[in-house]
Amino acid sequence: MPLPLQTDRLSLRGFAAADGPALFGYLSQPQAVEFEPYDVCTLEEAMTLAADRAQDPAFVAVHLRDDDRLVGNLYLAPHAHPDWATWEMGYVFDPREWGRGYATEACQALIDLLFTERSAHRVVARCNPENPRSWALLERLGLRREAHLLAAASFAMDADGQRVWHDTYQYAQLDHEWRADRASRGLG
Ligand SMILES: CC(C)(COP(=O)(O)OP(=O)(O)OC[C@H]1O[C@@H](n2cnc3c(N)ncnc32)[C@H](O)[C@@H]1OP(=O)(O)O)[C@@H](O)C(=O)NCCC(=O)NCCS
């Protein structure tokens, strides 16, 4: 992915090991990880995570252009067969920064890049139906809900040691849908 990438308010770039304390700032908050397959982290774990993510091109750090604060991260990786030009997207933003459109702005920039410069055929994302902020974001981005998978994922066990299953919504956008969405917004 050709990074860094600038949007009106944001700078998208690879992680640096020095992002550890800022990563801890939001991954230590229960709201940020409620629907993630991991729990809140300690500062030490966040330092290790930032160093790991600095080596992993799938993770994109999102900073404010104004003051260079880390406000969240995206995840973007090839999905399924490499020849299918399909990418899976994920996101976690700092709960203190929700409601400002940062996730929409950052995800839209990556999606636009995928369809313009990476000849993407399809972008997919999955989320828990009980996470309306997540699927509202996907719908704002123009992705289409294409499946409601029943008891399709599990990140936790109950008090009796039984797996707790939850449903999954699958969203997608195809290249021609992205083009039509842009045209409908007057972006040609
Ligand atoms: C999913 C997540 C990224 C969505 O964050 P968000 O703040 O709701 O999304 P955005 O940044 O796009 O902001 C949209 C909101 O900002 C408002 N907004 C303000 N300025 C805006 C702008 N310039 N552009 C777009 N929206 C704007 C919108 O009206 C919307 O408000 P609403 O929440 O009252 O409807 C966030 O909830 C999150 O990080 N959750 C934890 C991680 C997670 O669950 N990840 C998904 C796992 S499947």
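Ligands are counted one by one from 1 in listed order, and the atoms in each one are counted from 1 as well.
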Within the protein, flag every N or O under 3.5 Å from an N or O of ligand 1, and note the pair and distance.
residue	atom	partner	partner atom	Å
ligand 1	7 (O)	Gly99	N	2.7
ligand 1	8 (O)	Arg133	NH1	2.5
ligand 1	9 (O)	Arg140	NH2	3.3
ligand 1	11 (O)	Gly101	N	3.3
ligand 1	11 (O)	Tyr102	N	3.0
ligand 1	11 (O)	Ala103	N	2.8
ligand 1	12 (O)	Thr104	N	3.0
ligand 1	12 (O)	Thr104	OG1	2.4
ligand 1	12 (O)	Arg140	NH2	3.1
ligand 1	13 (O)	Gly101	N	3.1
ligand 1	16 (O)	Gly99	O	3.0
ligand 1	16 (O)	Arg100	N	3.4
ligand 1	16 (O)	Gly101	N	3.3
ligand 1	20 (N)	Arg100	O	3.3
ligand 1	33 (O)	Arg133	NH1	3.1
ligand 1	39 (O)	Phe93	N	2.7
ligand 1	39 (O)	Phe93	O	3.4
ligand 1	39 (O)	Trp98	NE1	3.4
ligand 1	44 (O)	Asn131	ND2	2.8
ligand 1	45 (N)	Glu36	OE2	3.4
ligand 1	45 (N)	Tyr91	O	2.9

Any ion pair linking [Y] and [X] (charged N to carboxylate O, less than 4.0 Å)?
| X | Y | value |
| --- | --- | --- |
| Arg133 | Glu34 | no |
| Arg100 | Glu105 | no |
| Asp181 | Arg144 | no |

Exercise. Determine the minimum heavy-atom distance between Ala61 and Gly14, stating which atoms define it.
Key: CB-O, 4.2 Å
Quiz prompt | Partner residues of Arg96 under the salt bridge (charged side-chain N to carboxylate O under 4.0 Å, His left out) criterion, sequence neighbours left out | solution = Asp94
Quiz item: Trp87 ring centre to Arg118 NZ or CZ under 6.0 Å, with the angle to the axis within 45°?
Solution: no
